[in-house]
Amino acid sequence: MGTHLSISDTRVAKLSVDGSLVAFADVELASPANKGLRGIVNSLKRVADAHNVSYGDIVQFAGAVGLSNCPGAPRLGFFAGRPAATAPAPPGLFPAPTDTAQALLSRMRDAGFSAEDTVVLLGAHSIGRQHTIDPAANGTPLDSTPGAFDSQFYLEVLLKGTVYPRKAPHTGEALSATKDVFRLSSDAAIARDPNTACAWQSYIGDDDRMREAFRKAMMKVATLGHKIEDLVDCSHVIPVPPPWNKTVSYPAGFGPVKVERSCRRLPPPKLPHT
Ligand code: HEM
Ligand SMILES: [Ca+2]
């Protein structure tokens, strides 16, 4: 939950995580992109108010602790001391699953994130589920290992899509390889865009690199808009996530020929079959 909030706050708050989603909940929760966050926002607000910490800090803290429950996840840093948010995030800043790869990448670039950073940050979808795009498929994961932070996600988004988890298609939904995994159109587009396809494929089967790149990119998210010297390093309070030792593998019935290779210079990933 913590991860979801910090992420959504990230998506909304111009990628400067100032806790405005909590401070200006009435304004920001009205945005369709933040549907479903009211409960967690209220809980975090209560905790922050009781302990006199800023909403920006509590959002960061909850995100880092939330992620530490996922096997295979990196241990994120936690820096405290963000001042209170001064204004709600302007509407329409968050990337939408219906956006083209070009729109997503340019939006992320404006916020200070390279095309590769975007690919890396989307690795968070390895532990994600969808709830709102197809309400009939509420809870369908974005890869087949939603409990684990692993590069199975990068593989599955690149497999040839032929099915939807339910009838669909819904706006923001792309054809998926298997019925038990939901594919966001935005993930499908970034996986295949010439600017990001090679970075995307390069993470398949390389969980160590994925983990370290994600840790670094999240550090950039966490300190965006702040001087690191103004914050206090409290990273030691974040638990060490459990390891994940399962290797990435092709789902049953899939192999290298079903990979929609969009990076010419890389051969199809050599992986075991489940
Ligand atoms: C290109 C930008 C992005 C787009 C268009 C996008 C879109 C989405 C959408 C549509 C969902 C499903 C929401 C629902 O139906 O409830 C989702 C879930 C999620 N996203 Fe993203 N996302 C983006 C970037 C990110 C980033 C940068 C992170 C984290 C670093 C992230 C983390 C998550 C997580 C953890 C979930 C799962 C939430 C849950 O399980 O309830 N996303 N994203
Ligand atoms: Ca996963």
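Both counts, for ligands and for their atoms, begin at 1 and track the order of listing. What you are looking at is a predicted structure, and each value in this text was computed from that prediction instead of being measured.
Atoms of ligand 1 found under 4.0 Å from any heavy atom of Ala96 (numbered from 1 in listed order, with element): 5 (C). Every atom of ligand 1 is numbered from 1 in the order shown, and the set under 4.0 Å from a heavy atom of Ser186 is 5 (C). Residue contact check: Ile133 has heavy atoms under 4.0 Å from atoms 10 (C), 15 (O) of ligand 1. Atoms of ligand 1 lying under 4.0 Å from any heavy atom of Pro95, numbered from 1 in the order shown and given with element: 2 (C), 5 (C). When each atom of ligand 1 is checked for a heavy atom of Gly128 under 4.0 Å away, the hits are 37 (C), 40 (O). Every atom of ligand 1 is numbered from 1 in the order shown, and the set under 4.0 Å from a heavy atom of His131 is 14 (C), 15 (O), 16 (O), 39 (C), 40 (O), 41 (O). The ligand atoms of ligand 1 that sit less than 4.0 angstrom from a heavy atom of Leu104 are 1 (C). Listed by atom number, the atoms of ligand 1 under 4.0 Å from Pro97 heavy atoms are 5 (C), 10 (C).
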> Going through the checks in order, is the side chain to side chain contact (heavy atoms under 4.5 Å, CB included) test met by Leu29 and Leu21?
Replying inline: CA-CA 7 Å; Leu29 288 178; Leu21 182 60; 4.1 Å; yes
>> Could you walk me through whether Ile133 and Leu184 satisfy the side chain to side chain contact (heavy atoms under 4.5 Å, CB included) test, starting with their C-alpha distance in whole Å, then the side-chain angles of each, then the deciding distance to 0.1 Å, before giving a yes or no?
In response: CA-CA 9 Å; Ile133 295 186; Leu184 298 174; 3.4 Å; yes
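Some N or O of Arg129 is nearer than 3.5 Å to an N or O of ligand 1, by distance alone.
Minimum interatomic distance between Leu67 and Pro74 (heavy atoms only, all atoms of both residues): CD2-O, 3.9 Å. The two residues Ser249 and Gln152 come nearest to each other via the heavy atoms O-NE2, 2.7 Å.
Residue Leu121 holds the heavy atom nearest to atom 30 (C) of ligand 1 of all those in Leu121, Val120, Asp134. Considering Thr132, Asn138, Leu122, Asp187 only, the shortest heavy-atom separation from atom 15 (O) of ligand 1 involves Thr132.
No side-chain donor from either of Gln201 and Ser262 sits under 3.5 Å from a side-chain acceptor of the other. Of the N and O atoms on the side chains of Tyr55 and Asp49, at least one donor lies less than 3.5 Å from an acceptor on the other residue. In summary, the side chains of Ser144 and Glu156 do present a donor paired with an acceptor at a separation below 3.5 Å, with no hydrogens or angles considered. Side-chain contact of Arg209 with Ser202: a donor-acceptor pair under 3.5 Å is present, judged by distance alone.
Between Phe153 and Tyr203, the ring center distance fails the sub-6.0 Å criterion.
If you take CZ on Phe113 and CZ on Arg107, they are separated by 10.0 Å, rounding to the nearest 0.5 Å.
Expressed to the nearest 10°, the angle at the Ca ion (ligand 2) joining O in Ala148 with OD2 in Asp143 is 160°.
For Gln152, every N, O or S atom stays at 3.0 Å or more from the Ca ion (ligand 2). Within the coordination shell of the Ca ion (ligand 2), defined by N, O or S atoms under 3.0 Å, Ser126 is present.
For Asp150, the N/O/S atom at the shortest distance from the Ca ion (ligand 2) is named OD1. Looking at His125, its N, O or S atom nearest to atom 21 (Fe) of ligand 1 turns out to be NE2.
Under the 4.0 Å criterion applied to side-chain N and carboxylate O atoms, Asp57 and Arg82 are assigned as salt-bridge partners.
Only the side chain of Leu184 comes within contact range of ligand 1, with a heavy atom under 4.0 Å; no backbone atom does.
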